[in-house]
Amino acid sequence: MTLPQTFRIKSFGCQMNAYDGERMAELLGADGMRSAGDGEDADLVVLNTCHIREKAAEKAYSDVGRLRREDGSKPLIALAGCVAQAEGEEARARSKMIDMVVGPQAYHRLPQMIAEAAAGRASVDTDMPAAAKFDFLPARRRSGVSAFLSVQEGCDKFCTYCVVPYTRGAEISRPFADIVREAEELVAGGAREITLLGQNVNAWESDGRDLAALIRHLADFAELERIRYTTSHPVNMGEGLITAHAAVDKLMPYLHLPVQSGSDPILRAMNRTHTVDSYLRTIERVRAVRPDIAISGDFIVGFPGETDEDFERTLNIVDAVRYAAAFSFKYSPRPGTPAATMEDQVPQPVMDQRLARLQARLAEHSTAFNRGTVGKTTRILIDRRGRKPGQMIGKSPWLQSVVVETAAPIGSMLNVKITGAGPNSLFGAPLVRAEAA
Ligand code: SAH
Ligand code: SF4
Ligand code: F3S
């Protein structure tokens, strides 16, 4: 087979997985390939997979099957991401269509693996050298208005339900200077907002600096308008980061702080290392310095042993925090994790009911939060065109999409008054200068 000319990358996972997808695309671009257009058959397909829940992992294999072309041929196929890491050689045993298996810490080696695969040699690389990949990736060039920047990878927390410590390896922080260089490249390439990413982003540290210090440093970039970070772990929510929410204007009033459950016995069984009370106190401290902050969370229903009473406590914490946004999931047993073999697995119908009740309650709070912003004046970052002519869509500081009629271009900041709230977005009207002053 000749070397592939065109590629397509499909990312299925979290924001870090999406970030990896972008970097793989840049790497292949620098290696002389180009991204296949819409409807065009790509010579190489990279499936950038997620292993977090069973459904996500299964999707990877059904997608591989679908890559067979009508004439019986197939593109070169690379299985990348967290399923690749978790399954390694196994993946090729499950599907002979897969030519390369490359883990999230090894994808800088893709060009070499592609050359080998094109020469008929399948390869598997799931090595986990600490942070080495970043040294081999090309510089960032063009960037969207809103860019991701991975600063911390891996996880040492070992929540008993979670595969991330196994698929992403031990917690490592990228060096301060590397991050600053990448941020400079992104801003030069057009980014106005940077979201710092890590599985435990608030555990980032380098040369005695913590995440708050990094944020303060980036806030001095004149052309950078906004800074966000995700995902934080409750036990790493230090005082410096909390006060940064009051002191750094460019740090957006949004905090994603997963709690998973509102019941202490379940949190203990999950090995979360925080309690309901310590979590609520953290939220209180954050709100004391930044009363308008939007809090978002992640929840798991049906963790092994979860009783009706435990679940009611989860509804209670939802009411106590009044989340602006949330992600909620049914517990999915993952191979190799301690929770998968725990007794008292919760039956599916019970999980279904709990999830429906939880999501209804979460929706009440997010609707209330969105309605609460109607009438406010705020600034949005225009990041895409709206559906109707003349419409643009921007993000509020609280990460809501706001639809406005304006000629303001993508990448610009616009002062608006929020005039209405729909189920998925807000509506706004641009402020005339006198109003904005
Ligand atoms: N590092 C982040 C995100 C982890 S994955 C954190 O610590 O919060 C994102 C979310 O997926 C988790 O917060 C959790 O709610 C959910 N999740 C993880 N493992 C899961 C499992 N086995 N079953 C169901 N949901 C899971
Ligand atoms: Fe998974 Fe827990 Fe680590 Fe988050 S903190 S990545 S949920 S083990
Ligand atoms: Fe999925 Fe891996 Fe992210 S398992 S959630 S893609 S870290």
### Query
With a 4.0 Å cut-off, would you call Arg334 and Glu54 a salt bridge?
no
#### Entry: Full working for ring pair (Phe, Tyr, Trp, His ring centres under 6.0 Å) between Phe329 and Tyr161
CA-CA 12 Å; Phe329 313 98; Tyr161 50 81; 9.9 Å; no
### Query
Should Val201 and Asn236 be marked as a side-chain contact (heavy atoms from CB on, under 4.5 Å) after you check the CA-CA gap, both sets of side-chain angles, and the distance that decides it?
CA-CA 9 Å; Val201 70; Asn236 297 119; over 6 Å; no
### Query
How far apart are the closest heavy atoms of Gly375 and Lys417, and which atoms are they?
O-CE, 3.7 Å
### Query
Quick one: does Ser173's side chain have a donor or acceptor within less than 3.5 Å of a partner on Trp204's backbone?
no
### Query
Do the side chain of Thr337 and the main chain of Pro333 share a donor and acceptor less than 3.5 angstrom apart?
no
### Task
Could you tell me whether the side chains of Gln105 and Glu153 share a donor-acceptor contact shorter than 3.5 Å?
yes
### Summary
Between Ala78 and Leu110 the two heavy atoms that sit nearest each other are CB-CD2, 4.3 Å
### Message
Check this for me: Gln353, atom CD, are more than 12 non-hydrogen atoms of other residues, nucleotides or ligands nearer than 6.0 Å?
### Response
no
### Message
With a 3.5 Å distance limit and no angle check, can you tell me whether Asp210 reaches the backbone of Ala213 through a side-chain donor-acceptor pair?
### Response
yes
### Task
Would you check if Phe221 and Val180 make a side-chain contact, meaning some heavy-atom pair closer than 4.5 Å?
yes
#### Entry: For Phe299 against Leu362, the heavy-atom pair lying closest together
CE1-CD2, 3.8 Å
### Query
Short question: side chain of Ser401, backbone of Lys395 - any donor-acceptor pair under 3.5 Å?
no
### Summary
Gln85 and Thr167 have their tightest heavy-atom pair at CG-O, 3.1 Å
### cation_pi(Arg174, Phe134) dist<6.0 Å, angle<=45
yes
### Query
What distance separates Thr231 OG1 from Phe327 CZ, expressed to the nearest 0.5 Å?
9.0 Å
#### Entry: Glu58/Arg94 salt bridge by N-O under 4.0 Å criterion
yes
### Query
Are the side chain of Glu225 and the backbone of Met413 linked by a donor-acceptor contact shorter than 3.5 Å?
no
### Query
Sequence neighbours excluded, which residues qualify as side-chain hydrogen bond (donor to acceptor under 3.5 Å, both in side chains) partners of Asn370?
Gln400
### Verdict with reasoning, Arg281 to Asp277, per salt bridge (charged side-chain N to carboxylate O under 4.0 Å, His left out)
CA-CA 6 Å; Arg281 272 186 284 126; Asp277 196 53; 3.3 Å; yes
#### Entry: Sidechain N-carboxylate O distance under 4.0 Å for Asp20, Arg168
yes
### Message
Do the side chains of Asp135 and Lys133 get close enough for a salt bridge, i.e. N-O under 4.0 angstrom?
### Response
no
### Message
Between Thr160 (side chain only) and Ala269 (backbone N and O only), is there a donor and an acceptor less than 3.5 Å apart?
### Response
yes
### Query
Between His245 and Tyr229, is the gap from one ring center to the other below 6.0 Å?
yes
### Task
Tell me, please, which residues at least two apart from Phe148 pass ring-ring contact (aromatic ring centres under 6.0 Å, His included).
none
### Task
For the pair Gln345 (side chain) and Pro304 (backbone), establish whether a donor and an acceptor sit closer than 3.5 Å, ignoring hydrogens and angles.
no
### Message
Evaluate Glu87 against Arg92 for salt bridge (charged side-chain N to carboxylate O under 4.0 Å, His left out), listing each step before the verdict.
### Response
CA-CA 9 Å; Glu87 312 230 312; Arg92 294 220 345 115; over 6 Å; no
### Message
If the condition is side-chain hydrogen bond (donor to acceptor under 3.5 Å, both in side chains), which residues does Glu309 pass it with, not counting sequence neighbours?
### Response
Arg313
### Message
Less than 4.0 angstrom from a charged side-chain N to a carboxylate O is my criterion; do Glu22 and Arg140 meet it?
### Response
yes
### Query
Should Arg23 and Glu26 count as an ion pair when the cut-off is N to O under 4.0 Å?
yes
#### Entry: Interatomic distance, Lys59 atom NZ to Arg53 atom CZ [nearest 0.5 angstrom]
14.0 Å
### Message
Tell me whether the count of non-hydrogen atoms from other residues, nucleotides or ligands lying under 6.0 Å of CD in Glu90 goes above 12.
### Response
no
### Message
I'd like to know if the side chain of Glu185 reaches the main chain of Ala139, judged simply by a donor and an acceptor atom lying under 3.5 Å from each other, with no hydrogens or angles considered.
### Response
no
### Query
Among side-chain atoms of Arg226 and Ser146, is any donor-acceptor pair under 3.5 angstrom?
no
### Query
Which is it for Leu255 and Ser232 under the side-chain contact (heavy atoms from CB on, under 4.5 Å) test, yes or no, and what are the steps along the way?
CA-CA 8 Å; Leu255 174 62; Ser232 297; 4.1 Å; yes
### Task
Identify the two heavy atoms, one from Tyr166 and one from Pro338, that lie closest to each other, and give their separation to 0.1 Å.
OH-CD, 4.1 Å
### Query
Within 45° of the ring axis of Phe136 and under 6.0 Å from its six-membered ring centre, is that where the NZ or CZ of Arg109 lies?
no
#### Entry: Taking every non-hydrogen atom, the tightest pair across Asp310 and Gly305
OD2-O, 3.6 Å
### Query
If you count the non-hydrogen atoms of other residues, nucleotides and ligands that lie under 6.0 Å from CD in Glu89, is the total more than 12?
no
### Message
Tell me whether the count of non-hydrogen atoms from other residues, nucleotides or ligands lying under 6.0 Å of NZ in Lys376 goes above 12.
### Response
yes
### Task
Show your reasoning for whether side-chain hydrogen bond (donor to acceptor under 3.5 Å, both in side chains) applies to Ser328 and Gln359.
CA-CA 7 Å; Ser328 47; Gln359 292 187 335; 2.9 Å; yes
### Query
Out of curiosity, Leu149 CG to Ile194 CD1, how far, rounded to the nearest 0.5 Å?
5.5 Å
### Task
I would like to know whether Leu44 and Ile9 meet side-chain contact (heavy atoms from CB on, under 4.5 Å); could you show each step before the answer?
CA-CA 8 Å; Leu44 164 73; Ile9 299 180; over 6 Å; no
## Note on the structure
Rounded to the nearest 0.5 Å, the CD1 atom of Ile293 sits from the OH atom of Tyr254 at a distance of 10.5 Å
### Message
Assess whether a salt bridge exists between Asp308 and Arg354, defined as any Lys/Arg side-chain N lying under 4.0 Å from an Asp/Glu carboxylate O.
### Response
yes
### Query
For Ser296 and His256, does a side-chain donor sit closer than 3.5 Å to a side-chain acceptor?
yes
### Task
Could you tell me the separation between the CD1 atom of Ile382 and the CG atom of Leu414, rounded to the nearest 0.5 Å?
5.0 Å
### Message
Tell me whether Ser206 contacts the main-chain N or O of Arg209 through its side chain, where contact means a donor paired with an acceptor under 3.5 Å.
### Response
no
### Query
Side chain of Asp156, backbone of Glu171: donor and acceptor closer than 3.5 Å?
yes
## Note on the structure
Rounded to the nearest 0.5 angstrom, the CG-SG distance for Asn271 and Cys159 is 6.5 Å
### Query
Is any NZ, NE, NH1 or NH2 atom of the basic residue among Arg285 and Glu239 found under 4.0 Å from an Asp or Glu carboxylate oxygen of the other?
yes
### Task
I would like to know whether Phe303 and Val346 meet side-chain contact (heavy atoms from CB on, under 4.5 Å); could you show each step before the answer?
CA-CA 7 Å; Phe303 184 82; Val346 175; over 6 Å; no
### Query
Taking it one step at a time, do Arg322 and Glu364 satisfy salt bridge (charged side-chain N to carboxylate O under 4.0 Å, His left out)?
CA-CA 9 Å; Arg322 304 183 313 276; Glu364 282 175 30; over 6 Å; no
